[in-house]
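Nothing fancy with the numbering, it's 1 onward along the sequence. The basis for the numbers below is simple: all heavy atoms, side chains too, and nothing from hydrogens, waters or symmetry mates.
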Amino acid sequence: MNIPVGKTKKQKNSPSRTMWQPTERPEGETVQRRRPHAMDYSIVFIVIFLVGFGLVMVYSTSSYKGGLYMNDAAYWLKRQAIFAVLGIVGMLFISKTDYHRWRAWKWSLHAYYFGTIVLLLFTIAFATATHGSKRWLGIGPFRFQPSEVAKVTVILILAGFITQNIRQIQHWKGVLKTFFFISPVIAVVGLENLSTSIILLGISAIMIFVSTKEWKIFGAIAGIGLAGIGGLILYQPYRIERFQIWFHPESSDKGLQTMQGLYAIGSGGLFGKGLGQSMQKMGFLPETHNDMIFSIVCEELGLFGALCILALYFTLLWRFMVVALNAEDLYGSMIVIGAIAHIGIQVFINIGVVTNTIPNTGIPLPFISYGGSSLCILLLEMGLVLSVSRYIRIKNQGSMSGRT
């Protein structure tokens with residue numbers, strides 16, 4: 001799946017080599033902008049439903065621990081609700097802002113690029129280590145993960161860079177140049193947060209892949225990427241131990257989380273034990289309201305509930321695909337493709353970890369897992385997608401929420 005650019009006179013008779021056809025205007029040509037219309041309300045509904053469902057599950061999974069340690073069963077629910085409200089307000093504000101403004105400033109691309117690297121290096125230098133890694137920066141009573149900010153900035157950086165260099169990217173040298181351009185950000189994140197760096201690498205690879213015809217070179221790039229990930233694993237030996245636990249979770253106390261998560265999934269059956277009736281959240285399964293929340297969803301709502309949540313994610317990604325296919329320009333398409341890659345990869349990794357399909361790593365389930373910075377940044381990213389949806393090419397002047 002590749003995104004082309006508008007053909008020049010020399011290219012007019014060349015065969016089509018791509019699937020998507022967003023309009024990319026030649027340099028110097030002025031085209032009257034379309035008037036914005038209603039955003040895609042189906043995306044708004046699904047996102048708000050997932051956030052609401054996440055709040056319910058955060059309370060369900062954390063109420064026992066909150067009452068036991070914080071004397072407040074709703075302790076984590078209240079904190080998550082604050083970030084949910086802030087994120088939704090930010091999402092709606094960004095959705096009303098023309099997405100072209102994020103690259104209107106001449107030095108915006110460089111500002112995102114170097115600003116992200118500086119913030120990540122500052123985190124490595126001054127953050128307090130938790131669970132063996134320096135990932136959190138504190139602002140008063142709140143903490144946030146700069147690596148979450150990096151997910152959005154990488155999407156904006158690559159969307160701008162690909163748009164500016166789309167013709168060069170049609171050749172393998174341009175593809176390598178784009179990877180080398182974004183690799184410092186991915187490498188800095190990987191020093192302390194390998195799982196997020198893998199997500200960033202996946203986002204970058206997908207955005208570049210759909211914008212070029214040189215797909216064969218991605219085999220070599222995949223090899224380089226795997227070698228880089230291997231180097232980061234060797235950089236911190238505890239990551240090697242995770243692979244050992246992955247193969248034999250029953251052989252070590254550190255495999256307790258995986259085993260208890262599988263017990264929770266298996267005990268849920270077809271329709272689950274009922275909302276709030278989980279046994280594993282009673283101190284048996286660690287991180288029930290964070291990375292392992294999907295296992296409690298399976299225990300309380302069963303296979304049926306889990307499949308409904310997956311169906312919502314697939315529907316959300318499908319609506320994103322519709323927006324990307326009908327975006328006004330290449331820049332808008334690339335922003336939405338980055339969001340597709342981000343959510344798709346993160347859902348896959350989280351569920352893969354919970355089901356022990358892949359080695360254990362700390363990745364939250366989008367919109368549902370507890371985590372204020374993750375939820376806020378993700379909702380701001382949804383605002384970007386909604387902003388793009390307001391300028392799509394639509395038929396019969398209909399709203400995208402009804403016709404595409």
Side-chain angles (χ1 to χ4, degrees), residues 1-6 16-25 31 33-51 53 88 91-92 94-100 102-103 151-152 155-156 158-160 162-163 166 202-203 205-212 307-348 366-367 378-404:
M1 294 185 298
N2 298 316
I3 293 185
V5 296
S16 176
R17 50 173 170 73
T18 54
M19 179 178 177
W20 293 349
Q21 301 276 335
T23 303
E24 183 65 17
R25 297 187 294 270
V31 177
R33 292 293 313 283
R34 292 183 178 86
R35 294 180 61 185
H37 49 76
M39 68 181 75
D40 188 332
Y41 288 109
S42 61
I43 293 177
V44 178
F45 172 79
I46 295 172
V47 168
I48 292 180
F49 181 89
L50 286 172
V51 172
F53 177 78
I88 290 174
M91 177 185 73
L92 296 176
I94 292 178
S95 69
K96 297 294 185 180
T97 304
D98 187 348
Y99 66 93
H100 295 93
W102 302 107
R103 63 180 292 227
K151 294 175 183 176
V152 177
I155 292 174
L156 290 174
L158 275 179
I162 290 173
T163 303
I166 186 64
I203 292 172
I206 291 173
M207 291 180 70
I208 298 171
F209 180 79
V210 300
S211 61
T212 181
L307 290 177
C308 287
I309 296 302
L310 290 178
L312 283 175
Y313 281 123
F314 281 120
T315 304
L316 183 65
L317 295 179
W318 167 65
R319 294 308 300 175
F320 285 1
M321 188 74 73
V322 173
V323 175
L325 284 166
N326 295 277
E328 182 183 50
D329 53 19
L330 181 62
Y331 181 64
S333 288
M334 297 312 301
I335 288 176
V336 181
I337 291 166
I340 293 172
H342 176 194
I343 294 179
I345 293 172
Q346 197 157 315
V347 169
F348 172 81
F367 306 111
L378 196 55
L379 287 171
L380 296 181
E381 186 178 311
M382 296 304 98
L384 287 173
V385 175
L386 291 172
S387 177
V388 176
S389 75
R390 296 176 65 233
Y391 294 92
I392 62 168
R393 301 189 298 268
I394 53 179
K395 297 179 182 179
N396 300 325
Q397 303 299 320
S399 168
M400 188 181 169
S401 58
R403 294 183 287 269
T404 57

Take Y313 and Q346, measure what side chain to side chain contact (heavy atoms under 4.5 Å, CB included) needs, and give me the verdict at the end. CA-CA 11 Å; Y313 281 123; Q346 197 157 315; over 6 Å; no
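- Here the shortest heavy-atom pairing between I94 and L384 reads CG2-N, 3.7 Å.
- Distance alone, capped at 3.5 Å, places no donor-acceptor pair between the S95 side chain and the L386 backbone.
- Here the shortest heavy-atom pairing between A341 and I203 reads CB-CA, 3.9 Å.
- Residues L380 and V152 fail the side-chain proximity criterion, which asks for heavy atoms closer than 4.5 Å.
- Summarising the geometry, atom CD1 belonging to I392 is positioned 12.5 Å from atom CG belonging to D329; distances are rounded to the nearest 0.5 Å.
- Taking CD1 of I337 as the reference point, atom CG of L325 lies at 8.5 Å (rounded to 0.5 Å).
- More than 12 heavy atoms of other residues, nucleotides or ligands shown are found within 6.0 angstrom of CZ on F53.
- Taking the side chain to side chain contact (heavy atoms under 4.5 Å, CB included) definition, one finds that L307 meets it with L303, L310, sequence neighbours left out.
- Rounded to the nearest 0.5 Å, atoms CE (M382) and CD1 (I46) are 11.0 Å apart.
- Scanning both residues, L156 and I335, for their nearest heavy atoms gives CD2-CD1, 4.2 Å.
- The closest donor-acceptor contact from the side chain of S387 to the backbone of T97 lies under 3.5 Å.
- T163 places a side-chain N or O within donor-acceptor distance of the main-chain N or O of A159, the cut-off being under 3.5 Å.
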Can you list the steps and then say if I343 with L378 is a side chain to side chain contact (heavy atoms under 4.5 Å, CB included)? CA-CA 9 Å; I343 294 179; L378 196 55; 4.3 Å; yes
Is there a side chain to side chain contact (heavy atoms under 4.5 Å, CB included) between L317 and F320 once you walk through the steps? CA-CA 5 Å; L317 295 179; F320 285 1; 4.2 Å; yes
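- The NZ atom of K96 sits 4.0 Å away from atom CE of M39, with the distance rounded to the nearest 0.5 Å.
- Of the possible donor and acceptor atoms, none in the side chain of T212 sits under 3.5 Å from a partner among the backbone N and O of F209.
- For the pair F367/L379, a side-chain contact is recorded, criterion being any heavy-atom separation below 4.5 Å from C-beta on.
- In this structure, S333 contributes its side chain and A327 its backbone to no donor-acceptor pair below 3.5 Å.
- Put simply, the side chain of I340 does not reach to within 4.5 Å of the side chain of I206, judged on heavy atoms.
- The two atoms that bring A339 and E381 nearest to each other are CA-OE2, 3.3 Å, heavy atoms only.
- Here F45 contributes atom CZ and D40 contributes atom CG; the two are 12.5 Å apart, rounded to the nearest 0.5 Å.
- Ring geometry for H100 versus Y391: interplanar angle over 60°, hence perpendicular rather than tilted (30 to 60°).
- One finds the CE atom of M334 at 8.0 Å from the CD1 atom of I208 (value rounded to the nearest 0.5 Å).
- Counting all heavy atoms, side chain and backbone alike, I155 lies closest to M207 at O-CE, 3.6 Å.
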